[in-house]
Structure formats: structure tokens, C-alpha cells
Amino acid sequence: MSVKEQLEQAKAGFIAKVPAEAQEKIFLHIKEQQQSGIVFGLREGDKAPNFTLTNPFGEQVTLYDEVAKSPVVLAFYRGSWCPFCNIQLRAYQQCLLEIQKQGGQLIAISPQSPDNSLTQKEKEQLTFQVLSDPDGRVADSYKLLFELPDYLQNTFKNTLRLELTEFNKTERWVLPVPATYIIDKEGIVRHVYVTPDFMVRMEPQEIIDQLKKL
């Protein structure tokens with residue numbers, strides 16, 4: 001089953017299980033972002049901002065150190081509470097050997113706490129770097145960060161029973177727009193996949209195809 005098919009299946013489950021009022025607010029926010037005129041994410045040819053973030057084991061990972069070794073597939077996702085993100089990361093794990101065969105490496109970033117990243121890494125058996133960006137500083141530098149409006153905060157807290165600030169160990173109600181970048185050894189963004197619709201993600205085969213072009 002392709003990632004697209006898995007995501008469509010997850011969307012059907014979301015529609016079947018999540019209360020209609022919450023769905024309305026979530027889909028409203030996606031529509032508002034799509035129609036806002038905001039251009040989310042970097043563009044192809046941009047210099048990728050450097051960063052140093054912590055992995056679940058307390059180790060520091062610096063982007064420019066990593067791209068000096070090999071091109072980086074950099075995936076920003078919402079968190080382990082998001083079933084669409086989990087489908088994406090599992091699919092990327094399954095094609096990790098092919099990514100490496102094409103000379104690339106994979107790094108995933110979310111605003112969740114290192115403890116939650118560790119739980120996810122162990123549960124999903126992820127062998128690539130999973131980094132924590134709790135205050136969204138890196139996501140912001142990649143033009144992906146947004147503040148959840150009050151109506152969506154209320155939906156998360158009161159209907160979905162998810163207190164994001166607690167989950168992410170931060171005071172801010174922030175998330176990244178899901179995005180996947182392919183960054184070459186000079187730190188240049190060579191491919192961008194960004195969409196406010198968090199139910200859609202970049203297919204693994206497209207990652208492989210883009211790496212072959214480097």
C-alpha cells in the first residue's frame with residue numbers, strides 16, 4: 001500500500017472517529033492556511049539555515065556537520081500523536097536503506113519533547129535521527145511555524161484531549177506545517193515538499209528520485 005493510500009485510509013478513520021465539530025474546526029484551519037497567501041517553507045535554491053538540536057539520547061546534532069557527510073532528507077512533522085505523521089515516518093524508515101544507497105541520510109524534526117521522541121523512536125523502531133524543536137525555533141527559520149488559533153487550541157484541549165504545551169514541554173501552542181526538504185552537501189535546498197494539509201505527505205519514491213538527481 002502506498003503512503004497516499006495509507007493516508008487516505010487514516011483520513012477515513014479520522015472522519016469516522018473524530019466528532020464533527022472538531023473536524024469542522026480542523027478543516028477550517030487547513031483552508032485558512034491554504035487561502036492566507038502565506039508562502040510556507042523555503043524555496044529550491046535557498047541556503048538551508050543551520051541548526052543544532054538534541055536527539056532523544058541527549059546528543060547534539062548539527063545540520064551543517066551532517067550535510068558535510070552526505071545530502072540530508074529533512075522532514076518536519078507534528079508529533080507522535082498525529083497518525084498521519086506516524087504513517088510518514090514508518091514509510092520513510094522502510095525506504096531508509098534505499099535513501100542511504102542513493103547517498104542520502106534522513107533527519108526528522110518535531111516540536112515534541114525528547115522523551116516523547118524517544119518513545120516514538122522505540123515504538124516505531126526508527127533508526128534515523130529524530131530531533132526535538134520544542135519552541136519551534138528551527139521550524140520558524142524554515143518558514144514553517146504557526147501559532148494555533150484559540151478555536152483550534154480549544155479543539156485540541158477539550159475534544160481531542162491533547163494539551164500540546166504539555167506534550168511538547170513548552171509554553172507555546174505552535175506546530176510546523178509538515179514539510180520535507182532535500183538538502184545537498186553544500187547546504188542548498190534542492191527539493192521542497194510543503195503543504196498545510198497535514199493529511200498529505202511526500203512519497204518515499206519521490207525522495208529516492210530526487211536524490212538520484214544530486
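Computed over heavy atoms, backbone and side chain alike; hydrogens, waters and symmetry mates excluded.
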Checklist outcome for this item: Of all heavy-atom pairs linking Q34 and D197, the shortest is NE2-CB, 4.0 Å
Item to check | Side-chain touch L164/V174, heavy atoms, less than 4.5 angstrom | outcome: no
Next on the checklist: Is the ring pair F146/H29 parallel, tilted or perpendicular, if the boundaries are 30 and 60 degrees?
Outcome noted: tilted
Item to check | From K4 atom NZ to Q6 atom CD, the distance as rounded to the nearest 0.5 Å | outcome: 13.5 Å
Checklist entry - Does F57 reach the side chain of L118, with side-chain heavy atoms less than 4.5 Å apart? => result yes
Checklist entry - Are the side chain of Q153 and the backbone of L148 linked by a donor-acceptor contact shorter than 3.5 Å? => result yes
Checklist entry - Honestly, is K157 close enough over F167, meaning NZ or CZ under 6.0 Å from the six-membered ring centre and within 45° of the axis? => result no
Next on the checklist: I need the minimum non-hydrogen distance between S141 and L42, along with the two atoms involved.
Outcome noted: O-CD2, 4.0 Å
Item to check | Minimal non-hydrogen separation, V72 against E66, with atom names | outcome: CG2-CB, 4.1 Å
Next on the checklist: Just so I know, are the side chains of F14 and P83 near enough to count as touching, which here means a heavy-atom distance under 4.5 Å?
Outcome noted: no
Item to check | Distance in Å, Q33 CD paired with T195 OG1, rounded so as to fall on 0.5 Å steps | outcome: 9.0 Å
Checklist entry - Between Y142 and F76, does the ring centroid distance fall short of 6.0 Å? => result yes
Checklist entry - Going by distance alone, is a donor N or O of one side chain under 3.5 Å from an acceptor N or O of the other, for Q105 and S70? => result yes
Item to check | Donor on one side chain, acceptor on other, S80 and Q112, under 3.5 Å | outcome: yes
Item to check | Short side-chain to backbone donor-acceptor contact, N55 and Q129, under 3.5 Å | outcome: no
Item to check | Shortest non-hydrogen contact from D133 toward A139 | outcome: OD2-N, 2.9 Å
Checklist entry - Do the non-hydrogen side-chain atoms of V61 and L53 ever get within less than 4.5 Å of each other? => result no
Next on the checklist: Between L175 and F198, does the side chain to side chain contact (heavy atoms under 4.5 Å, CB included) criterion hold? Intermediate values first, please.
Outcome noted: CA-CA 11 Å; L175 284 176; F198 61 84; over 6 Å; no
Checklist entry - Of all heavy-atom pairs between Y92 and M202, which one has the smallest distance, and what is that distance? => result OH-O, 2.7 Å
Next on the checklist: Does Q100 form a side chain to side chain contact (heavy atoms under 4.5 Å, CB included) with F128? I'd like the steps, not just the answer.
Outcome noted: CA-CA 11 Å; Q100 294 168 342; F128 51 84; over 6 Å; no
Item to check | Verify same cluster id: L63, V189 (apolar side-chain graph, 4.5 Å) | outcome: yes
Next on the checklist: Counting only heavy atoms not in Q9 (residues, nucleotides, ligands), do more than 12 fall under 6.0 Å from its CD?
Outcome noted: no
Next on the checklist: According to a hydrophobic-cluster definition based on side-chain heavy atoms being under 4.5 Å apart (Ile, Leu, Val, Met, Phe, Trp, Tyr only), do V177 and I26 belong together?
Outcome noted: yes
Checklist entry - Atom NZ in K169, atom CG in D115: separation rounded to 0.5 Å? => result 7.0 Å
Item to check | Value rounded to 0.5 Å, distance of CD1 in I182 from CD in E44 | outcome: 9.0 Å
Next on the checklist: With heavy-atom distances below 4.5 Å as the criterion, would you say the side chains of N86 and Y77 are in contact?
Outcome noted: no
Checklist entry - Would you say K143's side chain and D140's backbone share a donor-acceptor pair under 3.5 angstrom? => result no
Checklist entry - Is there a donor-acceptor contact under 3.5 Å linking the side chains of Q210 and Y193? => result no
Checklist outcome for this item: When K213, H191, R190 are each screened for side-chain hydrogen bond (donor to acceptor under 3.5 Å, both in side chains) with D184, the one that passes is R190
Checklist entry - Does one hydrophobic cluster hold both V138 and V67, with members joined at side-chain heavy-atom distances below 4.5 Å? => result yes
Item to check | Minimum side-chain heavy-atom gap K121-L126 below 4.5 Å | outcome: yes
Checklist entry - Are side-chain heavy atoms of S113 and P134 found at a separation under 4.5 Å? => result no
Next on the checklist: With no hydrogens and no angle check, just 3.5 Å: does a side-chain donor-acceptor pair link Q60 and T54?
Outcome noted: yes
Next on the checklist: Please check: side-chain N/O of E5 versus main-chain N/O of S2, any donor-acceptor pairing under 3.5 Å?
Outcome noted: yes
Next on the checklist: Heavy-atom count check: over 12 atoms from other residues, nucleotides or ligands less than 6.0 Å from K47 NZ?
Outcome noted: yes
Item to check | E21, CD atom: more than 12 neighbouring heavy atoms under 6.0 Å | outcome: no
Next on the checklist: Quick one about T127 and Q125 (side-chain donor to acceptor, distance below 3.5 Å, no hydrogens or angles considered), yes or no?
Outcome noted: no
Item to check | Check against side chain to side chain contact (heavy atoms under 4.5 Å, CB included), K11 and L7 | outcome: CA-CA 6 Å; K11 184 175 182 179; L7 292 170; over 6 Å; no
Next on the checklist: If I compare all heavy atoms of L89 with all of Q120, which pair ends up nearest, and what's the gap?
Outcome noted: CD1-NE2, 3.5 Å
Item to check | Side chain proximity check, Y151 to L28, heavy atoms < 4.5 angstrom | outcome: yes
Item to check | In one Ile/Leu/Val/Met/Phe/Trp/Tyr side-chain cluster, 4.5 Å: Y181, L214 | outcome: no
Checklist entry - Have Q205 and D209 got a donor and an acceptor in their side chains that come within less than 3.5 Å? => result yes
Item to check | Path from L96 to V130 over hydrophobic side-chain contacts below 4.5 Å | outcome: yes
Item to check | Euclidean distance, I208 CD1 relative to E98 CD, rounded to 0.5 Å | outcome: 5.0 Å
Next on the checklist: Once rounded to the nearest 0.5 Å, what's the spacing between atom OG1 of T62 and atom OH of Y64?
Outcome noted: 11.0 Å
Item to check | Test side chain to side chain contact (heavy atoms under 4.5 Å, CB included) applied to F51 and I109, step by step | outcome: CA-CA 11 Å; F51 60 79; I109 298 176; 3.6 Å; yes
